[in-house]
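Take a look at the structure below.
Here is the naming used below: chain letters follow the sequence lines, and residue numbers restart at 1 for every chain.
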Protein chains: 2
Amino acid sequence: MVGIDDVARQAGVSTATVSRALSGRGHVAPATRERVEAAAAALGYVVSSSASSLATGRNRNIGVVVPFLNRWFYTSVIEGAQRRLMQYGYDLTLYNLSGDDREREKVFQDYLLRQRVDAVIAVSLELTVDEITSLHALGKPLVGVGGPLSGVRTLSIDDVAVTKLATEHLLSLGHTRIGHIGGDVDRELAFHLPTNRRLGYEAALREAGLIPERELYFPAVFTMESGYTAAKQMLGNPRLRPTAIVAASDEMAIGALLAARDMGLDVPGELSVIGIDDHELAGFFGLSTVAQHPGLQGERAVELLMEELQPSGGAHLDDENTPLPFDLIVRSSTARPLRRSAGRR
Amino acid sequence: MVGIDDVARQAGVSTATVSRALSGRGHVAPATRERVEAAAAALGYVVSSSASSLATGRNRNIGVVVPFLNRWFYTSVIEGAQRRLMQYGYDLTLYNLSGDDREREKVFQDYLLRQRVDAVIAVSLELTVDEITSLHALGKPLVGVGGPLSGVRTLSIDDVAVTKLATEHLLSLGHTRIGHIGGDVDRELAFHLPTNRRLGYEAALREAGLIPERELYFPAVFTMESGYTAAKQMLGNPRLRPTAIVAASDEMAIGALLAARDMGLDVPGELSVIGIDDHELAGFFGLSTVAQHPGLQGERAVELLMEELQPSGGAHLDDENTPLPFDLIVRSSTARPLRRSAGRR
DNA sequence: GTGAAAGCGCTAACAT
DNA sequence: ATGTTAGCGCTTTCAC
């Protein structure tokens, strides 16, 4: 393995100068820098990250912890984080908690404490007090994505506002019987997300002078299949049937779309459907939705961390929870209700 | 930060003994080991990975390089690899190449060479000779997943056999007009995968005494949308219309299923569709398919690496390319063709 | 079975 | 602007 002293010898300088020239820290004469760079390139020298880390205490590596991998939202966040990290010259070490609880404990009690990461991004994770404590004890910056975490800087969309917007879109089109397919409150995914999204839906109805009906809420588990099943229940009951559905995620919304199709219901003629996410399949299915931008969330998380790791003075890091932008995207799954019941007016 | 000497002092032994006791290498009296473990636990001691790496030359970390993240196949491989790695106490550092080419170069010329990973898993990557060379120069084990790589140990399914099996399933049901939606050969994904899958389809037809028709092959790009479009073309042409379709991936197959539905074609009555993958949505759509098991592929890749990193003598590592298992899974999207054309007989 | 001590390869004071 | 040098925190001979 070619080491720093090989380069130093080749360039005719000391190892300290090589280190300075290559890392950019400290002043080096331009001519020297060039000689060093040439020598390094010629020898194919690359710093040993462990030696460098040991000496500096910095790893140029951040840990990203996710509850699952096989979900569009998580991979999008990771992708965004990775993209930005690479620009900063950082690595991304991935911890996936989808295994059993022992695994989760191992991650928090061992892996993250091995001084291998300079900071951690926790995606959609409801951390326990212990976990937050041990992470903080590490003295490493921590940022959460996907929901508020007490005592932790987090990035997340306003889950209440998001479904409220979706519901208002439907109301503004003239719908008055609007169903909701939301997460199962009994197994809250994280951060009361299902509950919050439901609250937004109900708030919009109330503001429009409507009373949310228990029967128009169907719990599901954030998958296409589960959305399909819920929608079938909702649409199959003739005295219940809404003219529009707000689903708490695009995958559930797509399931609802497919259910409607299987039942011979015309979308958006007889049923409007709106989701939350702007999932990669939303465009294909013509699904109206409220976009959250997970890739951007990952990027922003990294920026926050970098500001803390290598302060540039540009930003202020005060806020505990930074609200993220979201946008209504209208496609072809939402429209005015057919004037079937015009007579009622 | 509590270090090894703190533990040594607390346990009344030397740092050498602490190291031996905690790492399991070398002999330590059981009583001593317990004292050390107790001390370490009490102090909340965790080894510094950089110090340990510097001393041993090992990182307990492997790099996984993928071309994209937002694809079921890749995340499944990663998930499987991660699962196994965690059992071995290893970390997983993720490199995503979906950015531009400069990024790819950075990964291979810098990141992977920083001595930060003990080995690398390249998923569905057609590596250049230079890339393989520089990786080999590192002296780190390398295994490929998803396709054969010359000079590299790889794990992959037999792409020819897989579509051959799918096509044979259709033939055995009595189909004789079978279309194929495959990858676009002009932008081969990797390893001539599209071509190989097409070859399997054609081989099956030929063995059944049928001649593959140019017009029954439609190129697409491995997405649902692209499968949908291709299927529409294929099914919309009355003098072309096949009674069955083999798609080179489940996502394309699902697109075809949706196209058939939109055209009012009954599946499997008027059209049978089979894919390749056993994608997470395949069950929901009742899609018959040939399962490959990406999670297992990730796990196997790790096992191969571990055998090389910490030989247990149990296995032999001879084979350049290990063929992986695949299974036909019949659901409700395939059946005998309707005897509409029985008269012809 | 345990301890002393010499590194592992780099960085950052401190000098010059 | 550059060199000297003392660590960073651990592992691993080599003694005992």
Side-chain angles (χ1 to χ4, degrees), chain A residues 1-37 39-40 43-61 89 110 113-118 138-139 309-310, chain B residues 1-37 39-40 43-61 89 110 113-118 138-139 309-310:
Chain A
M1 203 56 225
V2 25
I4 199 173
D5 33 10
D6 296 313
V7 180
R9 207 171 308 122
Q10 169 104 356
V13 295
S14 72
T15 61
T17 301
V18 174
S19 175
R20 281 188 283 253
L22 262 27
S23 72
R25 269 183 287 275
H27 291 259
V28 180
T32 316
R33 148 166 290 120
E34 271 178 36
R35 279 217 317 291
V36 171
E37 278 167 354
L43 296 165
Y45 169 77
V46 186
V47 288
S48 153
S49 70
S50 42
S52 172
S53 294
L54 183 56
T56 60
R58 273 170 268 110
N59 292 284
R60 302 186 78 77
N61 182 28
D110 258 44
L113 308 181
R114 284 185 192 163
Q115 310 262 56
R116 188 191 264 298
V117 298
D118 294 330
L138 249 184
L309 254 24
Q310 27 187 258
Chain B
M1 201 59 223
V2 26
I4 199 173
D5 32 9
D6 296 314
V7 179
R9 206 171 308 120
Q10 168 104 356
V13 295
S14 72
T15 62
T17 300
V18 173
S19 175
R20 280 190 282 254
L22 260 28
S23 72
R25 270 183 287 276
H27 291 258
V28 179
T32 316
R33 146 165 293 118
E34 271 177 36
R35 277 217 319 290
V36 172
E37 279 167 354
L43 296 165
Y45 169 76
V46 186
V47 287
S48 150
S49 72
S50 44
S52 173
S53 294
L54 183 56
T56 59
R58 275 170 268 109
N59 292 285
R60 301 186 81 74
N61 181 29
D110 260 44
L113 306 181
R114 284 184 191 164
Q115 309 263 57
R116 188 191 265 296
V117 298
D118 294 328
L138 249 185
L309 254 24
Q310 28 186 257

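Between B/V28 and B/V36 there is no side-chain heavy-atom pair separated by less than 4.5 Å.
Between the CG atom of B/D6 and the C1' atom of D/dC10 there is a distance of 13 Å, given to the nearest Å. Atom-to-atom, CZ of A/R114 to P of D/dC8 comes out at 23 Å; the value is rounded to the nearest Å. When the C1' atom of C/dC8 is taken as reference, atom CG of A/D5 falls 12 Å away, rounded to whole Å. A straight line from CZ of A/R116 to C1' of D/dG9 spans 15 Å, rounded to a whole angstrom. Rounding to whole angstrom units, CZ of residue B/R25 and P of C/dG1 are separated by 17 Å. Per the geometry, NE2 belonging to A/H27 stands 14 Å off P belonging to C/dA13, to the nearest Å. Taking atom CZ of residue A/R33 and atom C1' of nucleotide D/dA1, one finds them 12 Å apart after rounding to whole Å. In this structure, the CG atom of B/N59 is 13 Å from the C1' atom of C/dG9, given to the nearest Å.
Within 4.0 Å of B/R58, counting heavy atoms only, lie sugar-phosphate atoms of the nucleic acid but no base atom. Residue-level contact check: B/V18 touches neither bases nor backbone, having no heavy atom under 4.0 Å from any strand. Contacts of B/T32 with the nucleic acid, taken as non-hydrogen atoms under 4.0 Å apart, involve only primed sugar atoms and P, OP1 or OP2. Among the heavy atoms of the strands lying under 4.0 Å from A/A29 are primed sugar atoms or P, OP1, OP2 only; no base atom is included.
Of the candidate nucleotides D/dG3, C/dG3, D/dT11, C/dG3 has the atom lying nearest to any side-chain atom of B/A16. Checking C/dA4, D/dT11, C/dG9 against the side-chain heavy atoms of B/L54 singles out C/dG9 as nearest. Closest approach to the A/S19 side chain among D/dT2, C/dT11, C/dC10 is made by C/dT11 (side chain taken as heavy atoms from C-beta onward). Picking from C/dG3, D/dG7, D/dC10 the nucleotide with the shortest atom distance to the side chain of B/I4 gives D/dC10. When distances are taken from the side chain of A/S52 to each of C/dC10, C/dG7, D/dG3, the shortest belongs to C/dC10.
In this structure, the side chain of A/D118 engages the main chain of A/N59 through a donor-acceptor pair within 3.5 Å. Using a distance-only test at 3.5 Å, with no hydrogens or angles considered, no donor-acceptor pair links the side chain of B/T15 to the main chain of B/I4. Proximity of a side-chain donor or acceptor of A/R33 to a complementary backbone N or O of A/A21 within less than 3.5 Å is detected.
Between A/S14 and D/dT4 there is no side-chain N or O to OP1 or OP2 distance below 4.0 Å. A close approach under 4.0 Å does occur between a side-chain nitrogen or oxygen of A/T17 and OP1 or OP2 of D/dG3.
Taking 3.5 Å as the limit, the base of C/dG3 and the side chain of B/R20 contain a donor-acceptor pair of atoms between them.
No side-chain N or O of B/S53 forms a donor-acceptor pair with one of B/S50 less than 3.5 Å apart.
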